[in-house]
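The figures that follow rest on heavy atoms only: side chains count, while hydrogens, waters and symmetry mates do not. Just so it is clear, the structure is predicted and the values come from calculations on it, not from any experiment.
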Amino acid sequence: MKLLIISLLLLPLSVWAQRVVFINPGKNNEVYWVTATKSMQMAASSLNMELEVIYTEREHLKSIDIANQLISRPSKNRPEYVIFSNDYGLAPDLLNLFNKGKIPCLMAFSSPSSKERSQTGSPRENFKYWIGSIEPDADYGGYITAVDLIKQGRQMNMRAPDGKIHLLAIAGDKSTNSSILRNEGMLRAVKESRDVILDQMVYADWSRKIAAEKADWLLKRHPSAKLIWSGNDQMSFGAMEELEKNGGAPGKTVLFSAINTSPEAFSALQSGRLSTLAGGHFIAGAWAMVMIHDYAHGIDFANEGLNLVKPMFTLFTKNDAAVFLKEFDNHPIPIDFKRSSKYYNPALQKYYFDPMVKK
């Protein structure tokens, strides 16, 4: 998985005509969502598909406008399929629109929460044009980063005078299911650790700036906290910067964890400013392309389940970071996603979308 992830991270962006449209909830310069786009474009190239990507630029209600625009297109210009993420809990609205517009859609990266399921039901139930969903096991991502951060805190004896290790958590948002699940994974790791106390959890909306603002008073309010878990890399960096302004040293006086595979994150891991890093989940969009490709060729994934949750997160080492940073300016051999397709591999009985995928 690590070799596949690093190879995909290094691929240049390219432009594809529309057939499948991905409503990208991020910004067009946001490393995670640009990387997700790269992997989807590579899958499209491998599978002879066409992909159009439309960024919402983090204006979450813009997803509704984009959906309406897609439905209003002349039939010859409408996408055959749409991929979108349930960021900010917009799945019920988007599913309703695409169902009325009769455009098959697949949810990737984040699916409806348990609460939202009362409105959406399952794929092909209340909305017959919702063909399925695939998402990373976000609970696992939150869990493994918290476990590793706590482990390193113990190794460096980051205990307070009360003998406990105190932790702060900076979460993404309260409504996106993947954010909720990452938090639950972190909370599970804390619950399993009798010597760890979660002093406080705040929400920073995935923003570096907001995380820095909140870290300013968090660190003052909880001086015993020596571990900071974050739901993504940007929030971790915001908190690091605030610590440094106040004379602290990331990786020494306070340990940080992060999720995502940006060059900045790999560099911070290699230098020791970042103690724990996990990623790989950006590939969910590429797997969605594989599933749609096969579905369009008459090979339904329903026998594996309509709500697929796969363990796409993996922890990275300093050596992994060094490999990535060394090769960042090079262009590796493209990944051939045909190997993951049941259409191209009739003997393939089950999609192999887990961290053990090899290049």
| Smallest separation among heavy atoms of Leu255 and Lys252, with atom names | CD2-N, 4.3 Å
| request: Quick one: do Tyr129 and Tyr81 satisfy ring-ring contact (aromatic ring centres under 6.0 Å, His included)? Show the steps, please. | output: CA-CA 10 Å; Tyr129 284 90; Tyr81 298 91; over 10 Å; no
| remark: Distance col, row Ile170:CD1 vs Asp205:CG, nearest 0.5 angstrom, shows 13.0 Å
| Does any N or O in the side chain of Arg78 come within less than 3.5 Å of the main-chain N or O of Gly101, such that one atom is a donor and the other an acceptor? | yes
| query | Pick from Thr176, Asp173, Asp233, Asn260: which one makes a side-chain hydrogen bond (donor to acceptor under 3.5 Å, both in side chains) with Trp206? | reply | Asp173
| request: Over all heavy atoms of both residues, which pair between Ser341 and Asp294 is shortest? Give the atoms and the distance, please. | output: OG-OD1, 2.6 Å
| field | Polar side-chain atom of Lys164 near backbone of Arg194 as donor-acceptor pair, under 3.5 Å | value | yes
| task | Would you confirm whether Asn157, through its side chain, and Gly153, through its main-chain N or O, come within 3.5 Å as a donor-acceptor pair? | result | no
| Between the side chains of Ser110 and Asp87, is a donor N or O closer than 3.5 angstrom to an acceptor N or O? | no
| request: Among Glu304, His293, His297, Gln349, find the residue that satisfies the side-chain hydrogen bond (donor to acceptor under 3.5 Å, both in side chains) test when tested with Lys342. | output: Glu304
| field | Any donor-acceptor pair under 3.5 Å from Lys338 side chain to Ser46 backbone | value | yes
| request: Would you kindly say whether Asn48 and Arg19 are connected by a side-chain donor-acceptor distance under 3.5 Å? | output: no
| said: Classify the ring geometry of Phe266 against Phe316: parallel below 30°, tilted from 30° to 60°, perpendicular beyond 60°. | reply: perpendicular
| request: Examine distances only and state if a side-chain atom of Gln152 and a backbone atom of Ser275 form a donor-acceptor pair shorter than 3.5 Å. | output: yes
| request: Evaluate the ring-ring contact (aromatic ring centres under 6.0 Å, His included) criterion for residues Tyr352 and Trp287: first the C-alpha distance (whole Å), next the side-chain angles of each, then the deciding distance (0.1 Å), finally the verdict. | output: CA-CA 10 Å; Tyr352 198 49; Trp287 297 150; 9.4 Å; no
| task | Spell out, as yes or no, whether a donor-acceptor pair under 3.5 Å connects the side chain of Ser236 to the backbone of Ser257. | result | yes
Using distance only, find each side-chain donor-acceptor pair of residues 61-72 under 3.5 Å and give its atom names and separation, not counting sequence neighbours.
{"residue": "Ser63", "atom": "OG", "partner": "His60", "partner atom": "O", "Å": "3.3"}
{"residue": "Asn68", "atom": "ND2", "partner": "Ile64", "partner atom": "O", "Å": "3.2"}
{"residue": "Ser72", "atom": "OG", "partner": "Asn68", "partner atom": "O", "Å": "2.9"}

| Inter-residue atom distance Ile292.CD1 - Glu80.CD, 0.5 Å rounding | 10.0 Å
| Within 6.0 Å of NZ in Lys27, more than 12 heavy atoms from elsewhere | no
| Taking atom OG of Ser230 and atom CG of Leu274, what is their separation to the nearest 0.5 Å? | 9.0 Å
| said: My understanding is that only one of Phe84, Phe282, Trp33 makes a ring-ring contact (aromatic ring centres under 6.0 Å, His included) with Phe109; could you say which? | reply: Trp33
| request: Would you kindly check if the NZ (Lys) or CZ (Arg) of Arg124 is within the cone defined by 45 degrees around the ring axis of Phe301 and under 6.0 Å from the six-membered ring centre? | output: yes
